[in-house]
Every structure is written in C-alpha cells, then in structure tokens.
Amino acid sequence: MHPAVASVRRAVRASIVDLPEGALVLAACSGGPDSLALAAALAVEAPRSGRVAGAVIVDHNLQDASAEQSRTAADACEQLGLTPVEVARVTVDPADPSGPEAAARAARYEALGRVAGERGAVAVALGHTLDDQAETVLLGLARGSGARSLSGMQARRGLFVRPLLGLRRATIVAACEALGLEPWQDPHNTSDDFTRVRVRLSAMPALEDALGPGVPEALARSAGMLRADADALDMWAAQITDATDVMVLRELPAAIRTRVLRRAVIDAGAPAGALTAAHVASVEGLVVDWHGQGAVSLPGGLEAHRSCDRLSFR
C-alpha cells in the first residue's frame, strides 16, 4: 500500500474507532482532493470496523455548473461504495454582512447537520488538513483573536470529526494519485478574492521562505497547546455562577473575567457572532474602570448597566 494511502486510512480508522458499531458515518465530500481521499478511506475503514459509510455533498450554488459538479462528486462517492449518498443544495446570500466565505460556511454546516439528522448519522467527517489548521491560526493572529480562536479547529466537536488534521495537504494529494482518483479543482481555491486563498498562496510561502520549513506544523502545534489552555480557562470560568457581582468579578484574573462576561452577555441575548472583544472590554470597564459611566451598548439591542456594585443586562 502506498504510504500516503496508509496514512489517510490510519487517521480515518482512529477517528471512528469509538463510534457505535453499526452506526452511520457521513463523509462531507466536495469532490476536491481532501474530501475525496477522506471518502475513499472511510469507504474502506468503516465497513472493516462494523460501521456504515455514506456521503453528503453540499451544493452552494455559487458557481456555474455547481449542480453538475455536485452530481459528479456524488457519483464518485457511489463508485467508492459509499451509501447513502445525498446532495444537499443551499442558498448563500452574497450580500451577507459576515462575508461570502462565512455565509457559505454557515450554510454548509447547517446542511450537513440537517442531512445527518435525517439519515440518523452519528458523525460527519470533514476533510480539513494540517495546512488548513495552520491557515486558520494565521488568520486568527492577523485578526488579533484570543486563545480560543487561535486554538484552531478541533479534531472532534459534537457531530463533526476531522480525521486529517494531522496530515499535510501534500500527503492527501499523493493518496489521491496513488488510488487513481481524479479530484475536482475548485477555482475558488486559486482566487485571491478570498482571504484564506491569499494566506495559502502568498502569506504561508513567504513565512516559510523567511523562517524555513515547518511553519505549518509549528502553527498547528501552537493551536493544540492553546486549545488545552483555553479549555482549562473555560472550565474555570464556568464555575463562576454569578456574573453580575462586581466585587467578585474584580477579583478574577482578566482571562477568566472576560470569559464570564462574554457568557453573561450572550446569555442575556446578544448574538454570539456579532459580539467582539471590544464589546466585552467595554463591559469589563464597568467592573475594573468604573467612574460613573453610562450604559454600554451591545449587539442585539442589549445594554449593560452598573448600579450598586451589580451589573445588569437589558
């Protein structure tokens, strides 16, 4: 067996070993190299371990002939022996304020979750690689994100598993070639209209030229360490049950206090996706920099107030 094929199969096997026997696992497949190699490995490893392998293809309807490409990807999955195979069509609003990439991602995950629920799947396998992880961390650094964002993608989160996070993209491409698979090359993956593509084609190569090889691996390692730290801090913050007592909040380390306040604001009704670090910092100012200031305006029409050493949200 080609070493690249063996690596992909080994990674997929490890990701499903603790799933119930007889359970359905769906590969999210676009027809690109990463997801096609994932689907091929799942088609072998799931039956060997007593699970059932299927696939779901999300048609974002953002390109000409997207329906045709989705059907081609579905045919490829069926030829690999996956069943059931379903194409889910979604509508992405190009004017979405979150941007086209984020809007497409949200629509995709919603569709994957819906199909999994309808089919009774216990997991959906995604084809993100170590390179994707490194790009995610680099994007987070550029945006000034905190530890949670810099911890990158999780190998398992709820319904979704990412078996290939420890493998480089080159390994995945080599596996496709060894298996004689013909992946679809998404033109969006070479368009510098998208931030992630610019990171992939320009920023990451420039970093490796300047710092030497191994930058993606180093970024992925940093993500793993930050994830462990973020998990510990989140666990500590979750133990703080009163997010309104200013005297209690003042005594907390800043890393814990901001987590407690963020959770309190979201619980009060602010949309999580619209809540920024600047919003949380303004609420924190009511605790640690109090000089009689007025209410803090927050997303969702919410306001944070301080009165008699208590915070309130309304």
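Quick caveat: nothing in here was measured; it's all calculated off a predicted structure.
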(request) Walk me through it: do Val137 and Leu226 pass the test side chain to side chain contact (heavy atoms under 4.5 Å, CB included)? (result) CA-CA 10 Å; Val137 175; Leu226 283 167; 5.8 Å; no

(request) May I ask you to decide whether Arg48 forms a salt bridge with Glu45, counting only side-chain N to carboxylate O separations under 4.0 Å? (result) yes

(message) Donor-acceptor pair, distance only, cut-off 3.5 Å: does the side chain of Arg263 make one with the backbone of Ala243?
(response) no

(request) May I ask whether Leu139 and Leu150 are part of the same hydrophobic cluster, defined by side-chain heavy atoms of I, L, V, M, F, W, Y residues being less than 4.5 angstrom apart, directly or through others? (result) yes

(message) Looking at every non-hydrogen atom in both residues, tell me the closest pair between Ile57 and Ala73 and how far apart they are.
(response) CG1-CB, 4.0 Å

(message) Less than 4.5 Å apart, side chain to side chain, heavy atoms only: is that true for Val260 and Arg257?
(response) no

(message) Once rounded to the nearest 0.5 Å, what's the spacing between atom CD of Glu251 and atom CG of Asp245?
(response) 10.5 Å

(request) Please assess Val90 against Val58 for the test side chain to side chain contact (heavy atoms under 4.5 Å, CB included), listing each intermediate value before the final yes or no. (result) CA-CA 7 Å; Val90 300; Val58 178; 4.0 Å; yes

(request) Can you see which heavy atom on Tyr109 is nearest to which on Leu126, and at what distance? (result) OH-CD1, 3.5 Å

(message) So does Leu286 get a backbone contact from the side chain of Arg306, meaning a donor-acceptor N/O pair under 3.5 Å?
(response) yes

(message) Would a single hydrophobic cluster contain both Val280 and Phe313, if residues Ile, Leu, Val, Met, Phe, Trp and Tyr are joined by side-chain heavy-atom contacts under 4.5 Å?
(response) yes

(request) Taking Gln133 for its side chain and His128 for its backbone only, find out whether a donor-acceptor pair lies under 3.5 Å. (result) no

(message) Restricting to non-hydrogen atoms, name the atom on Ser15 and the atom on Pro163 that form the minimum distance, rounded to 0.1 Å.
(response) OG-CG, 3.4 Å

(message) I'd like to know if Glu284 and Arg262 make a salt bridge, using a cut-off of under 4.0 Å between side-chain N and carboxylate O.
(response) no

(message) Does Met1 have more than 12 heavy atoms from other residues, nucleotides or ligands lying within 6.0 Å of its CE?
(response) yes

(request) Verify the neighbour count for atom CD of Glu182: are there more than 12 heavy atoms of other residues, nucleotides or ligands below 6.0 Å? (result) no

(message) Quick check against the 3.5 Å criterion: does Arg198 have a side-chain atom that pairs as donor or acceptor with the backbone of Asp192?
(response) yes

(request) Would you kindly confirm whether Val92 and Phe194 end up in one hydrophobic cluster when ILVMFWY residues are joined by side chain heavy atoms under 4.5 Å apart? (result) no

(message) Are more than 12 heavy atoms, taken from residues, nucleotides or ligands other than Glu303, located less than 6.0 Å from that residue's CD atom?
(response) yes

(message) Nearest 0.5 angstrom please: Leu219 CG to Leu130 CG, how far?
(response) 9.0 Å

(message) Could you go through Val246 and Trp290, starting from their C-alpha distance and side-chain angles, then the distance that decides it, and tell me whether this counts as side chain to side chain contact (heavy atoms under 4.5 Å, CB included)?
(response) CA-CA 10 Å; Val246 169; Trp290 174 246; over 6 Å; no

(message) Against Glu135, only a single residue in Val199, Thr195, Val197, Thr129 fulfils side-chain contact (heavy atoms from CB on, under 4.5 Å); can you say which?
(response) Val199

(request) May I ask you to test the Gln69-Ser30 pair for a side-chain heavy-atom distance under 4.5 Å? (result) no

(request) Just do the side chain to side chain donor-acceptor pair (under 3.5 Å) check on Thr276 and His279 with the steps written out, would you? (result) CA-CA 5 Å; Thr276 66; His279 290 130; 3.1 Å; yes

(message) Under a 4.0 Å threshold between the charged nitrogen and the carboxylate oxygen, would Arg71 count as salt-bridged to Asp59?
(response) no

(message) Tell me the closest heavy-atom pair linking Ile240 and Ile256, and the distance in Å.
(response) CG1-CG2, 4.5 Å

(message) Is any side-chain heavy atom of Leu80 closer than 4.5 Å to one of Leu181?
(response) yes

(request) Indicate yes or no: at least one non-hydrogen side-chain atom of Pro216 is less than 4.5 angstrom from one of Met204. (result) yes

(request) Going by the salt bridge (charged side-chain N to carboxylate O under 4.0 Å, His left out) test, name the single residue among Arg200, Arg168, Arg162 that passes it with Asp132. (result) Arg200

(message) Hydrophobic cluster membership, with links at side-chain heavy-atom distances under 4.5 Å among I/L/V/M/F/W/Y: are Val115 and Leu112 in one?
(response) yes

(request) Mark yes or no for whether Arg51, through its side chain, and Val17, through its backbone, hold a donor-acceptor pair below 3.5 Å. (result) yes

(message) What I want to find out is whether Asp231 reaches Arg227 closely enough, with some N-O distance under 4.0 Å, to be called a salt bridge.
(response) no

(request) Identify the two heavy atoms, one from Cys29 and one from Ala39, that lie closest to each other, and give their separation to 0.1 Å. (result) SG-CB, 4.5 Å

(request) Spell out, yes or no, whether Val12 and Leu167 are grouped together once hydrophobic residues are joined by side-chain heavy atoms under 4.5 Å, including indirect joins. (result) yes

(message) Let me confirm one number: the CD1-CG distance from Ile172 to Leu36, rounded to the nearest 0.5 Å.
(response) 11.0 Å

(request) Go through the side-chain N and O atoms of Arg314 and Ser312 and say whether any donor and acceptor fall under 3.5 Å apart. (result) yes

(message) Can you give me the closest heavy-atom contact between Val122 and Ala23, atom names plus distance?
(response) CG2-CB, 3.5 Å

(request) Could you tell me the separation between the OG atom of Ser35 and the CG atom of Leu42, rounded to the nearest 0.5 Å? (result) 12.0 Å

(message) Is there a side chain to side chain contact (heavy atoms under 4.5 Å, CB included) between Leu138 and Leu207? Walk through the geometry before answering.
(response) CA-CA 11 Å; Leu138 194 56; Leu207 280 174; 3.7 Å; yes

(message) For the CZ atom of Arg114 and the CZ atom of Arg119, what is their distance to the nearest 0.5 Å?
(response) 11.0 Å

(request) Output yes when Arg148 and Asp234 qualify as a salt bridge under the 4.0 Å nitrogen-oxygen rule, no when they do not. (result) yes

(request) Enter the distance from Met247:CE to Arg250:CZ here, rounded to the nearest 0.5 Å. (result) 5.0 Å

